[in-house]
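To start, the structure itself, in structure tokens.
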Amino acid sequence: MRTIDLLQFSLKSAFRRRGRAILSIVAIVIGAFTFTITSGLGNGINSYIDAQTSAIGAENTVSVTATSSMALLSERFEKYDPDLVSAVAGTGAGILSQSDINTIKSTLASGDRLITSVQTNPQYIHAPNGEKYRFIYNGFWPGKKVNLVAGTQLDDKNSAAQLVVPAYAVKPLGFADATSAIGQTVFVGVLGVDGQVRDIEAEIVGVQQRALIGGNLPFGNEAFDALLQDYSGKGAGGAKWYPYVLVVTDDVERVVNDMRDKGLSAATAAQMVGDSRTIVTGILLVLNLLAAIAIAAAMFGIVNTLLMSIQERTRQLGLFRALGMPRRTVFTSIALEAVVLGLIGSLIAVALAVGVGLLLGPLALEAAALDLPGLALFQFDAGSLTVIVIGVTLAATAAAVIPAVRAARLLPMDALREEL
Amino acid sequence: MTETVLSVRDIQKSYGSGSGRFRALKGVSLNLVEGESLAIVGKSGSGKSTLLHLMGLLDIPDEGEILYRGKSLSALTSRAADTLRNQEFGFVFQSFHLDPHSTVAENVSMPLVIGGVKKDRRRRVIEVLDRLGLADRADERTSVLSGGQKQRVAIARAVIAKPRILFADEPTGALDSTNGETVSQLLFDLNKQEGITLVMVTHSPELASTCVRQVVISDGLLLSTSGEGAAR
Ligand SMILES: Nc1ncnc2c1ncn2[C@@H]1O[C@H](COP(=O)(O)OP(=O)(O)OP(=O)(O)O)[C@@H](O)[C@H]1O
Ligand SMILES: [Mg+2]
């Protein structure tokens with residue numbers, strides 16, 4: 001039998017009972033649609049996370065904190081350290097004392113750099129003559145890069161204090177737009193231990209795009225951070241305590257392990273992002289599982305459709321065998337029917353999902369009030385769409401094996417005698 | 001013209017099992033000579049159709065064997081048997097067995113489609129249908145045809161691939177005398193002009209006597225052989 005004739009025949013057979021064929025296709029569409037939407041969602045969110053991770057930068061920086069006694073299931077008493085007397089703000093939280101710092105120093109390799117930051121108390125930010133706003137600091141991350149809407153990245157080599165402020169701060173600070181904020185001087189008030197507030201004079205060098213991960217708060221350069229620490233510690237008796245320290249290293253893994261060996265908490269920027277990626281991956285896994293269940297149900301639908309179809313066509317198949325159609329051709333024709341159903345179903349599903357995703361994605365973000373530049377909720381690429389179409393079609397074909405074998409086994413006369 | 005194409009050796013066939021078991025053929029032997037025409041006659045239920053199905057490779061005998069050109073059919077691979085049915089044999093079923101979902105032309109061209117013929121299918125189909133007076137019904141569904149028309153479509157389908165042996169189970173059973181005449185004319189033309197071996201089951205003494213040989217079947221046994229070819 002020629003391929004074209006076989007194809008034509010299978011197409012005709014598949015749609016002999018139009019209603020049933022359409023129901024099978026609908027079942028396939030549901031499964032494949034779920035797969036496509038899930039994959040689009042995964043692509044969209046993961047590529048956003050990727051962009052954010054590179055935005056966090058600071059890939060060779062490890063943040064070290066004491067393990068918090070408030071941590072879940074910590075169940076241990078923390079030794080009293082008289083140095084912590086002045087750590088009013090951090091009661092109970094994982095604060096590092098000078099002896100912890102010494103411990104950390106002892107583990108470092110020659111190329112490693114330790115950046116200590118004492119507890120800081122920034123109070124407010126304002127433009128000259130502008131209104132004061134509460135200043136919540138994002139911290140200092142050596143080598144940090146952010147997604148900018150205007151200006152340049154922080155320069156740690158520059159001895160002048162620099163700030164990158166989030167986009168939402170531009171208007172309140174009294175600037176017309178992000179671009180006109182660049183190069184402007186602002187003041188950040190810092191409360192010392194002596195109870196006095198002193199202003200840091202800093203230049204806005206960049207305005208940060210709104211971000212989901214990595215902080216939506218002002219960042220400072222090294223010079224800014226030094227001033228902040230200096231002013232905050234004014235009046236202290238010399239005892240220092242640190243909410244966290246940073247280690248810049250070429251071997252992130254070694255530092256993380258060393259710190260953990262010493263009973264300290266260590267995290268890299270990538271690990272912090274990794275947490276959110278793990279959550280996203282988990283959610284996508286559940287969605288994919290649902291899609292797989294839908295596909296499995298659709299496969300049973302195909303088995304059923306094809307079994308009923310060959311039951312009805314027993315005499316026809318017997319006739320074909322009587323007229324010399326080989327068993328293999330019978331098998332192929334039944335399998336092709338499934339291919340036709342699977343292909344049509346998955347193509348419809350993919351087209352539908354892409355349409356729905358591209359149309360509803362922005363609407364959904366808007367409805368959820370998630371104004372995150374750079375986040376496309378759904379992102380589809382030709383590769384994974386092709387994989388879905390092929391995969392679903394293969395699943396449909398696999399479902400056809402039992403009915404097809406059964407059809408191919410028919411003996412001509414037995415099939416022809418079948419009363420229907 | 002004395003080569004044996006098909007040799008039936010003491011075949012038996014039963015239907016059902018246990019107490020419902022029915023012995024339709026109890027040991028039948030006969031030789032079919034290339035180019036001859038053989039009529040199988042006998043009472044209803046005597047086993048004529050059963051014999052024809054076995055000879056046409058549509059069913060498998062319980063006992064005995066059938067040789068095609070000296071080769072045992074039971075030794076054939078499934079694929080070889082398929083090719084034989086498609087290329088060498090033509091079969092007209094007693095109950096036609098047309099595909100009601102296909103058109104007349106589609107039904108008739110089926111052996112060509114299955115055999116992978118691509119050239120001239122439509123022309124050949126129309127030619128045969130024309131001979132049987134059905135060319136104008138080519139694109140209708142077979143389900144709308146009368147019994148006699150269906151029978152002629154079944155015959156057209158059996159001869160379209162130019163088989164070497166044509167098995168016809170009561171080919172004129174549903175036809176009036178005019179159409180019956182047309183059909184037997186076609187069958188014997190093929191037999192005489194193209195040397196196609198003809199095996200037919202018939203209740204019509206007239207048609208039977210046109211064949212060179214007649215065998216009578218009764219209760220699953222071959223009773224007698226007559227006609228000019230009887231000596232064989
Ligand atoms: N599938 C079957 N199952 C059980 N019995 C069968 C089957 N097919 C045929 N028979 C029986 O075998 C016997 C022979 O049947 P067959 O069809 O060969 O008869 P026939 O000579 O062709 O009769 P008719 O002239 O009526 O067509 C009959 O008694 C019939 O009842
Ligand atoms: Mg009969």
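In the text below, chain A, chain B and the rest are named by the order of the sequence lines, each starting its count at 1. Not measured: the values here are computed from a predicted model.
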Taking the basic N atoms (NZ, or NE/NH1/NH2) and the acidic carboxylate oxygens, is any pair closer than 4.0 Å for B/Asp99 and A/Arg315?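 Result for this pair is no, no salt bridge flagged.
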Can a salt bridge be assigned to the pair A/Asp5 and B/Arg121 using a cut-off of 4.0 Å between side-chain N and carboxylate O?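 Yes, A/Asp5 and B/Arg121 are salt-bridged.
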Shortest non-hydrogen separation from [X] to [Y] and the atoms involved:
| X | Y | answer |
| --- | --- | --- |
| A/Leu416 | B/His97 | O-CE1, 3.5 Å |
| B/Asp82 | A/Pro326 | OD2-CA, 3.1 Å |
| A/Gly324 | B/Asn86 | CA-CB, 3.8 Å |
| A/Lys12 | B/Ser102 | NZ-OG, 3.2 Å |

Do [X] and [Y] make a side-chain contact, defined as non-hydrogen atoms from C-beta onward lying under 4.5 Å apart?
| X | Y | value |
| --- | --- | --- |
| A/Arg321 | B/Ser78 | yes |
| B/Arg157 | A/Leu323 | yes |
| A/Pro412 | B/Arg85 | yes |
| A/Arg328 | B/Arg79 | no |
| A/Met1 | B/Val113 | yes |

Other residues, nucleotides and ligands only: do more than 12 of their heavy atoms fall within 6.0 Å of [atom1] on [X]?
| X | atom1 | result |
| --- | --- | --- |
| B/Asp10 | CG | yes |
| A/Leu347 | CG | yes |
| A/Ile402 | CD1 | no |
| A/Phe300 | CZ | no |
| A/Arg2 | CZ | yes |
| A/Arg16 | CZ | yes |

The interface call for B/Phe93 against chain A, heavy-atom contacts under 4.5 Å, is side chain
Counting only non-hydrogen atoms closer than 4.5 Å, does B/Glu106 touch chain A with its backbone (N, CA, C, O), its side chain (CB onward), both, or neither?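 For B/Glu106, the contact with chain A is made by the side chain alone.
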So, taking the atom named CG in B/Leu58 and the one named CG in A/Leu411, what distance separates them when rounded to the nearest 0.5 Å? 10.5 Å
What's the spacing between A/Arg417 CZ and B/His53 NE2 if we round to 0.5 Å? 7.5 Å
Go through the atoms of A/Phe9 and report whether side chain, backbone, both or neither lie under 4.5 Å from a heavy atom of chain B.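 Answer is neither: A/Phe9 stays 4.5 Å or more from chain B.
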